[in-house]
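Each remark here refers to the structure printed beneath this line.
None of the values given here were measured: they were computed from a predicted structure. In what follows, chains are A, B, ... by sequence order, proteins preceding strands, each numbered from 1. Side chains included, hydrogens not; waters and symmetry mates left out as well; all remaining heavy atoms used.
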There are 2 protein chains.
Amino acid sequence: MTKENQEKPNQNDAKQEEQEEVITEVIDADEQDDTAQTDSIEENPLQAELDQLKQEKDDMYQRLLRVQAEFDNFKKRSQKEKEADRKYKAEEIVKELLPAIDNFERALQVEVTDETKSFVEGVTMVYNQIKEALKSQGVEEIESVGKPFDPNIHHAVMQVEDEEAEADTVTEELQKGYYLKDRVIRPAMVKVNK
Amino acid sequence: MTKENQEKPNQNDAKQEEQEEVITEVIDADEQDDTAQTDSIEENPLQAELDQLKQEKDDMYQRLLRVQAEFDNFKKRSQKEKEADRKYKAEEIVKELLPAIDNFERALQVEVTDETKSFVEGVTMVYNQIKEALKSQGVEEIESVGKPFDPNIHHAVMQVEDEEAEADTVTEELQKGYYLKDRVIRPAMVKVNK
């Protein structure tokens, strides 16, 4: 019985990842042990029982430390996840809105006449207001034209040969790219000089 | 010494909320106990030590149960918070966007002429695309005109007396209200019949 009990910690060490299950097992085992404590051993039954109890108490203490450590890690991990969730919470809706913003910009590239002037102005204000609302949540345009090509923020869809422009720079932007805070949520679609 | 140790569980019970601190204290106390285990008592020193160890092991077991229970509760609470965060994550940005949507609707209430027709159509498509993007994230308009007045979703800014309309119904909407999923993020601003 003593031998069997001393082997338990090793079995449990191996299952460290399944902490919760282990604890339940240990608790069950512990309750069974209480009924078996009166088993006698030749030399000194009390001393043997004492040794066994010390061992069990020590195991319990190690388990307590492990659960506490696991709990602390869970708290930290869960806090980090929460912060990341909150930081980038606008990502999904912004991604849904970007094609509409693209179309808005295309629509505003209209030639303004006397008849359309006031309407175009009113709608341009709306466009700016939407861009400001997005900006307040951390949505920023990626700079591209004239900048060195950067594959992290620019998606090259064409190469051009322009001897007057610098090599490896963006010569034209075909679609705007956007950051959400420090995250690129859409790279700019660009033409790059060879 | 034995008495002092037996009092500890009660002290700790009272501090159950400060679980973490308690565990650290207990662990410290436990280590001190190890060095004091050789204190002798008249009758049978081994039996006294055995009783004390049993008590300590039992305390440790109770603590393990409590930490485990606290851990389980934390997991559940943290999961619920995460789900709520995710469900309403668009709220802040949508609230920022609503005034622009209001202005968009006002701008579109323009009289369409042959000159402005194609521009108004293009911009109306953009408006619809934005509304669709918001809808895909759970943003829905609150119904108001002709509906019974409901202070949970309608904000009455004026009372009218219209004998032809039913009492306590909304006769006019001054500003659209919006839900984000099951949450009212802006009540509709309305006129109500007496």
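- Residues A:V126 and B:V112 share a hydrophobic cluster, clusters being chains of Ile/Leu/Val/Met/Phe/Trp/Tyr side chains in contact below 4.5 Å.
- Between B:F74 and A:F74, the ring planes lie perpendicular to each other; the angle is over 60°, past the 30° to 60° tilted range.
- No more than 12 heavy atoms of other residues, nucleotides or ligands sit less than 6.0 Å from atom NZ of A:K147.
- Residues A:M189 and A:F149 are members of separate hydrophobic clusters, defined by side-chain heavy-atom contacts under 4.5 angstrom among Ile, Leu, Val, Met, Phe, Trp and Tyr.
- Each of A:V123, A:L134, A:V120 has some count of heavy-atom pairs under 4.5 Å with chain B, and the biggest count is that of A:V120.
- Only the side chain of A:Q137 comes within less than 4.5 Å of a heavy atom of chain B; its backbone N, CA, C and O stay farther away.
- Between the CD atom in A:Q55 and the CG atom in B:L53 there is a gap of 12.0 Å [rounded to 0.5 Å].
- In plain terms, the two heavy atoms of A:M60 and B:L64 that are nearest each other are SD-CD2, 3.9 Å.
- Using a 4.5 Å cut-off between non-hydrogen atoms, no part of residues 150-188 of chain A approaches chain B.
- Interatomic distance, NZ of B:K75 versus NZ of A:K75, reported as 13.0 Å (0.5 Å rounding).
- When the heavy atoms of residues 78-109 of chain B are compared with those of chain A, the residues falling under 4.5 Å are B:S78, B:E81, B:K82, B:D85, B:R86, B:K89, B:A90, B:E92, B:I93, B:V94, B:E96, B:L97, B:P99, B:A100, B:N103, B:F104, B:A107, B:L108, listed by number.
- Between A:E49 and B:K54, the closest side-chain pair of non-hydrogen atoms falls below 4.5 Å.
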Quiz prompt | Chi angles and distances behind the side-chain contact (heavy atoms from CB on, under 4.5 Å) call for B:I130, A:I130 | solution = CA-CA 10 Å; B:I130 290 174; A:I130 290 174; 3.7 Å; yes
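- Heavy-atom distances place both the backbone and the side chain of A:T116 under 4.5 Å from chain B.
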